[in-house]
Amino acid sequence: MILLESTKTAAATGARMRRRQEIDGRFKWNLNDIFPDWAAWEASYRTLETRVDEFAALKGTLASGPDALARAFGMSDELGQLAHKVWYYSSLRYDEDQRDNEMNAKRQQVQNLLARLGQASSWFNPELLRIPLETVRGWLDASPDLAPYRFAIEDLYRQQRHVLDDGGERLMSLSSRLAGAPNDAYSALSTADAKFSEVTLSTGETITVSYPQYRRVLATSRNQADRRRAFESLHEVYRANLNTYATLYGSVCQRDWFQARARGYQSSLDAALDGNDIPTSVVENLIAATRAGAAPLRRYHRLRKRVLGLETYHAYDGIIPLVEFNRTYQYPDVLEWIVASVAPLGPQYQASVRRTTENRWIDVYENVGKRSGAYSAPVYGSHPYILMNYNDTLDAVFTLAHEMGHSMHTQLSHAHQPFVYASYTIFVAEVPSTLNEALFLDYMLSRTTDERERIVLLQHAIDDIVGTFYTQVMFADYELQAHRLVEQGKPVTADALGAIYTGLLEAYQGDAVTQDEMAAVTWARIPHFFQMPYYVYQYATCYASTAQLMRGLRSESEAARQDAVARYLALLKSGGSDYPMAQLARAGVDLSQPGPVQAVVDELDRRVTLLEGEMARLGG
Ligand SMILES: [Zn+2]
């Protein structure tokens with residue numbers, strides 16, 4: 001996935017959007033690699049239905065010994081693989097044209113079966129956990145059939161440390177409906193009940209300033225007053241209900257703290273990171289090292305202020321392009337560049353990327369009814385498929401490089417891991433995608449002779465670091481401070497949250513950006529804070545890991561480069577077979593140390609220096 005989806009569509013660029021049948025078959029994915037036809041899908045669906053009952057019949061057998069346990073794990077894997085194919089065949093078909101009711105019905109049919117599969121397997125973990133761990137360890141040592149499940153089993157027992165007794169778990173499940181209330185109320189307040197205002201721009205155009213319109217004005221209007229109007233109009237919607245937003249966010253923090261304490265965690269952060277066994281020092285170190293590395297970020301804003309010729313530089317001046325540039329990128333050309341750009345990862349990796357581009361594994365262009373955005377779908381037992389809405393822009397080109405990284409991760413993980421470890425955690429997922437983007441940028445910078453294109457590429461790469469790294473760290477910083485208010489029994493008010501946010505803007509941007517009073521309400525606009533606490537920091541840690549890995553790949557020494565490639569490919573091949581910190585450590589990345597963050601800071605510094613040079617040559 002990508003963090004910020006491009007809002008440019010055929011509709012926005014004025015072109016008529018094509019219907020799916022008007023698009024050449026070469027540019028549409030071929031799902032026959034999953035099932036040759038619906039009859040084959042139907043047959044697998046029926047098999048899955050029968051096997052769900054067979055699996056449920058194993059209940060009560062696990063304690064009888066290693067053979068029974070291995071058999072149950074084996075059958076669980078078979079069911080999972082079958083479910084993967086049955087699900088993706090219907091779900092990818094549906095995404096081709098989401099107006100298709102028949103496909104939607106088939107997809108829902110699978111969802112119902114998967115829910116039944118979940119219910120029919122719910123006995124498994126509790127029954128296993130009733131067997132003493134020492135007994136199971138003895139079985140693991142003795143049984144080659146069971147041995148592959150060692151990590152999955154050990155992890156299950158580890159997580160058991162924070163599972164309550166039956167009465168406690170019952171209370172937690174009874175409270176789960178309440179737990180979602182602050183987020184539900186946030187969604188209603190910020191969308192259904194939000195009253196966005198109209199503003200008239202200097203062009204005479206009158207627009208209703210919803211978030212997409214706000215982004216459009218900030219990204220396209222060369223008139224600073226227009227950008228300010230859009231900024232103030234959008235944020236006024238949040239300011240008008242600021243006490244309600246603060247109460248809702250306070251409830252999010254209270255809920256997290258309740259759940260953490262109920263399960264015996266030291267803090268909300270501790271609870272949020274335990275699933276992947278990440279130490280809290282990773283987030284604390286991430287924040288401290290990024291705050292210490294704010295200098296190149298401020299230099300970039302000062303450069304922008306100078307180039308854009310602005311008297312004062314504000315939050316709403318951060319994304320307007322530095323130069324006008326309207327080049328389009330034709331898909332067949334881009335495929336060649338994407339293949340060429342991964343040469344540093346070796347001929348085998350490069351051949352796999354080429355194969356991905358040549359066999360109709362990618363659904364390229366947008367069409368009426370097609371799902372928006374982009375993704376890479378991992379279909380175990382087949383191969384990954386990439387959905388794009390390719391529209392010839394530079395954003396779309398980088399999105400393709402990004403999704404190709406996910407696809408390669410899936411291919412290598414699926415080829416080297418059994419089903420139980422085939423999927424990887426979000427904590428490592430954005431490493432190959434951002435690394436592919438970094439390689440692609442290097443390649444594009446090396447091949448272009450157009451100075452405006454160089455500037456656009458550099459701005460794209462810098463904005464990427466700002467948006468995917470600095471902004472996400474600042475968000476994690478905010479979440480940590482707000483949760484700590486609650487953990488220390490301090491009041492959470494609109495003033496208190498505003499003070500945290502103002503402090504952050506000063507800490508990261510310093511005097512490079514003029515701080516408007518309205519910017520202090522920005523926290524109320526960020527849905528992640530309400531919907532996915534302590535989640536987005538993972539984009540930043542992935543980014544830092546990538547920066548560290550790229551150092552190895554760009555090394556002067558051939559031996560060091562070879563070593564870096566081998567370690568990186570081993571990381572991709574390891575799928576979800578270990579804890580992410582251990583996987584990354586083997587690849588040479590230690591997120592408990594400031595090194596990876598320093599690699600991002602240095603990379604930003606390098607790119608800003610290059611951009612300053614380009615602007616000076618252009619006479620900017
Ligand atoms: Zn992604």
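Just so you know, ligand 1 is whichever comes first in the structure, and atom 1 is the first atom listed for that ligand. Both backbone and side-chain heavy atoms feed into the values below; hydrogens, waters and symmetry mates do not.
- The ring of F530 has its center closer than 6.0 angstrom to the ring center of Y249.
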Taking distance alone, no hydrogens or angles, what donor-acceptor pairs closer than 3.5 Å link side-chain atoms of residues 571-581 to residues at least two apart or in another chain?
unit_1: S574; atom_1: OG; unit_2: L571; atom_2: O; d: 2.7
unit_1: S574; atom_1: OG; unit_2: Q583; atom_2: NE2; d: 2.9
unit_1: S577; atom_1: OG; unit_2: S574; atom_2: O; d: 2.7
unit_1: D578; atom_1: OD2; unit_2: R586; atom_2: NH1; d: 3.2
unit_1: D578; atom_1: OD2; unit_2: R586; atom_2: NH2; d: 3.4
unit_1: Y579; atom_1: OH; unit_2: D155; atom_2: OD1; d: 2.5
unit_1: Y579; atom_1: OH; unit_2: R158; atom_2: NE; d: 2.8

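- Between R327 and E453 there is a salt bridge, with a side-chain nitrogen of the basic residue lying less than 4.0 Å from a carboxylate oxygen of the acidic one.
- The Zn ion (ligand 1) forms the vertex of an angle spanning OE1 of E430 and NE2 of H402; to the nearest 10 degrees it equals 90°.
- Atom NE2 is the N, O or S atom of H406 at the shortest distance from the Zn ion (ligand 1).
- The Zn ion (ligand 1) lies at 2.8 Å or more from every N, O or S atom belonging to E403.
- In the displayed structure, N326 atom CG is contacted under 6.0 Å by at most 12 heavy atoms of other residues, nucleotides or ligands.
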